[in-house]
Every structure is written in C-alpha cells, then in structure tokens.
Amino acid sequence: MRRMTRNGSLILAAVAVMALCSLSLGQATKAEEDSRLGMETHIGKLTGHAAAGQGTYRRYCVGCHGPLGDGEGENAQWIDPKPRNFTLGIFKCRSTTTGTLPLDSDIYASLGRGLDSSNMPSWNPLSAQDRADLVAYVKHFSARFVTEKPGAPIEVPPKPEVTADRSKPDRPCFRKWSAGSVTGHREAGMGLPQRL
C-alpha cells in the first residue's frame with residue numbers, strides 16, 4: 001500500500017514539474033513576442049508599426065487567428081479552410097519562392113483583396129496606414145521575420161506579343177495539341193469537337 005502511495009506521489013510530482021515548465025515556456029514565448037512589437041514594415045512610402053497595429057488586430061482578426069496569431073481563434077473551429085497560423089511565418093500568397101518569407105507588400109496585398117473561397121474578407125475599408133500597421137503586427141508573431149530576410153521576388157516574364165503568325169492553325173504545336181487532344185478537334189483546328 002505504501003509503495004502505491006509513493007508511486008502516486010512521484011507521478012503527481014512529475015506532473016506538477018511538467019506543468020510549471022510549460023508555464024515558464026509560455027511566459028518566455030510571450031516575452032519574446034512582446035520584444036518584437038517594435039517590428040516595422042515598409043510598403044511604398046508607408047511605414048507600419050506593430051504596436052500601432054495591435055488594436056486593429058484585436059478588433060478584426062483575433063476571432064479567427066487567435067490572440068497568439070496561431071490560427072486558433074474562437075471562430076476557427078467553424079471555418080474551412082482554417083485560418084493561417086502566423087507563428088510559423090509561412091504564407092500562401094506571396095511573390096517569393098517556396099520556403100522563403102513573403103515581402104511586406106505580399107501580406108499587404110492579401111489584406112487588401114482578401115482570399116477567394118475562404119472566410120478571409122477584403123480589408124480595403126481600413127486605411128492604408130492601418131493595413132501597413134496590421135502587416136507589422138502579423139509579422140511580429142513569428143521569430144522568422146527577425147532572423148531571416150524575405151526571398152527575392154520571382155521574375156515573371158512579359159506576356160508574349162500576339163501576332164497573326166503565332167496564331168496560325170497550321171503551326172506544329174497547335175496541330176499537335178489540338179488535333180490529337182481528348183476533345184478531338186478536326187485537323188485544321190477549327191469547328192466543334194468530335195464525339196469520342
């Protein structure tokens with residue numbers, strides 16, 4: 001009987017130590033996050049400040065993205081796709097290569113236009129300065145923005161000029177993809193598709 005009580009006491013002590021460690025880890029994370037409140041963004045002639053964006057975030061964003069920016073706000077359980085976890089520093093809509101941080105202008109553009117087929121609305125009704133401050137506040141959730149630089153924007157070549165020569169139906173590429181396609185266009189590449 002004494003042995004069971006001693007084992008139970010040891011288990012209880014281990015659980016208490018783990019709980020205290022997790023509390024101190026949470027406090028360190030909060031302290032680190034607070035130290036990043038001085039973060040700035042630069043979008044054109046605008047300079048955004050994380051401390052100034054805190055109130056806007058709490059008013060409009062915390063319900064979905066949560067007070068810690070982890071995507072676990074009180075509304076997140078009913079939203080699909082799930083809100084972005086800002087603490088990871090990974091953003092879907094960006095002009096940089098995969099695995100790199102987005103430019104400030106990428107996050108700013110996402111805030112302005114919203115995200116189609118999701119619950120992320122357009123925040124264009126906010127002033128340009130409010131959105132710039134909000135970008136800085138969103139960035140302050142991730143330590144990646146302190147230790148890494150955004151990637152270089154991907155170069156998009158200019159759209160090729162449309163000429164009569166390029167749109168001829170007898171060009172080899174046009175013939176290859178049109179005549180042998182699943183839709184079964186006639187050899188000249190004109191007319192309705194044939195039934196398969």
Side-chain angles (χ1 to χ4, degrees), residues 16 18-156:
M18 289 174 61
L20 286 173
C21 288
S22 67
L23 285 176
S24 65
L25 179 63
Q27 289 172 349
T29 303
K30 179 70 173 142
E32 288 173 13
E33 184 183 314
D34 287 346
S35 72
R36 294 191 298 266
L37 273 176
M39 189 166 290
E40 291 185 345
T41 57
H42 303 283
I43 303 152
K45 294 181 180 181
L46 292 172
T47 299
H49 304 279
Q54 188 172 15
T56 306
Y57 180 86
R58 287 191 175 159
R59 181 169 184 186
Y60 298 110
C61 311
V62 77
C64 298
H65 295 283
L68 302 175
D70 58 3
E72 297 292 333
E74 62 185 44
N75 301 326
Q77 61 185 331
W78 294 290
I79 298 174
D80 188 32
K82 296 297 179 199
R84 179 72 41 195
N85 180 348
F86 299 134
T87 64
L88 302 176
I90 299 173
F91 292 82
K92 187 174 185 177
C93 300
R94 64 187 181 289
S95 62
T96 58
T97 57
T98 301
T100 62
L101 290 173
L103 301 173
D104 292 348
S105 57
D106 295 333
I107 302 171
Y108 183 83
S110 292
L111 284 172
R113 73 172 170 267
L115 299 176
D116 228 9
S117 301
S118 78
N119 286 305
M120 174 67 180
S122 165
W123 291 109
N124 258 342
L126 295 176
S127 72
Q129 184 61 54
D130 283 345
R131 282 184 281 144
D133 292 339
L134 195 52
V135 169
Y137 192 74
V138 163
K139 285 174 48 178
H140 107 281
F141 286 118
S142 177
R144 284 187 68 197
F145 286 99
V146 174
T147 59
E148 299 175 38
K149 298 276 186 214
I154 297 170
E155 292 293 325
V156 179

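Side-chain contact between Cys93 and Leu115 is present, with at least one heavy-atom pair separated by less than 4.5 Å. The shortest side-chain heavy-atom distance between Thr96 and Leu103 falls under the 4.5 Å cut-off. At a threshold of 4.5 Å between non-hydrogen side-chain atoms, the residues Asn124 and Arg131 count as touching. The side-chain heavy atoms of Val146 and Met39, taken from C-beta on, include a pair separated by under 4.5 Å. You'll find the side chain of Ile107 reaches within 4.5 Å of the side chain of Phe91, heavy atoms only. Leu101 places none of its side-chain heavy atoms less than 4.5 Å from the side chain of Lys139. The shortest distance between side-chain heavy atoms of Ser110 and Trp123 does not fall below 4.5 Å.
To the nearest 0.5 Å, atoms CZ (Phe145) and OG1 (Thr41) are separated by 10.5 Å. To the nearest 0.5 Å, atoms SG (Cys61) and CZ (Arg84) are separated by 14.5 Å. Met120 CE to Ile79 CD1: the interatomic distance, rounded to the nearest 0.5 Å, is 11.0 Å. Here NZ of Lys82 is found 7.5 Å from CD of Gln77. Values are rounded to the nearest 0.5 Å. Interatomic distance, Gln129 CD to Leu134 CG, rounded to the nearest 0.5 Å: 11.5 Å.
In this structure, the side chain of His49 does not engage the main chain of Ala136 through any donor-acceptor pair within 3.5 Å. Side-chain atoms of Ser118 never come within 3.5 Å of backbone atoms of Pro81 as a donor-acceptor pair (strictly under, hydrogens ignored). A donor-acceptor contact shorter than 3.5 Å links the side chain of Ser122 to the backbone of Gly112.
The two atoms that bring Ala50 and His140 nearest to each other are CB-CB, 4.2 Å, heavy atoms only. For the residue pair Glu40 and Asp104, the shortest heavy atom distance occurs at O-OD2, 4.5 Å.
Phe141 and Phe86 have parallel rings, their planes meeting at less than 30° on a 0 to 90° scale where 60° marks the start of perpendicular.
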task: I would like to know whether Tyr60 and Leu126 meet side chain to side chain contact (heavy atoms under 4.5 Å, CB included); could you show each step before the answer?
output: CA-CA 10 Å; Tyr60 298 110; Leu126 295 176; 3.7 Å; yes
task: For side chain to side chain contact (heavy atoms under 4.5 Å, CB included), just list the numbers for Cys64 and Asn119, CA-CA rounded to whole Å, side-chain angles, deciding distance to a tenth of an Å, and then say yes or no.
output: CA-CA 9 Å; Cys64 298; Asn119 286 305; 5.8 Å; no
Leu46/Tyr108 under side chain to side chain contact (heavy atoms under 4.5 Å, CB included): CA gap, chis, key distance, verdict: CA-CA 11 Å; Leu46 292 172; Tyr108 183 83; 4.0 Å; yes
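Contacts of Thr97 classified as side-chain contact (heavy atoms from CB on, under 4.5 Å), with partners at least two apart in sequence or in another chain: Thr100, Ile154.
When only modelled atom types and interatomic distance are considered, Asp106 and Ser95 share a side-chain donor-acceptor pair under 3.5 Å.
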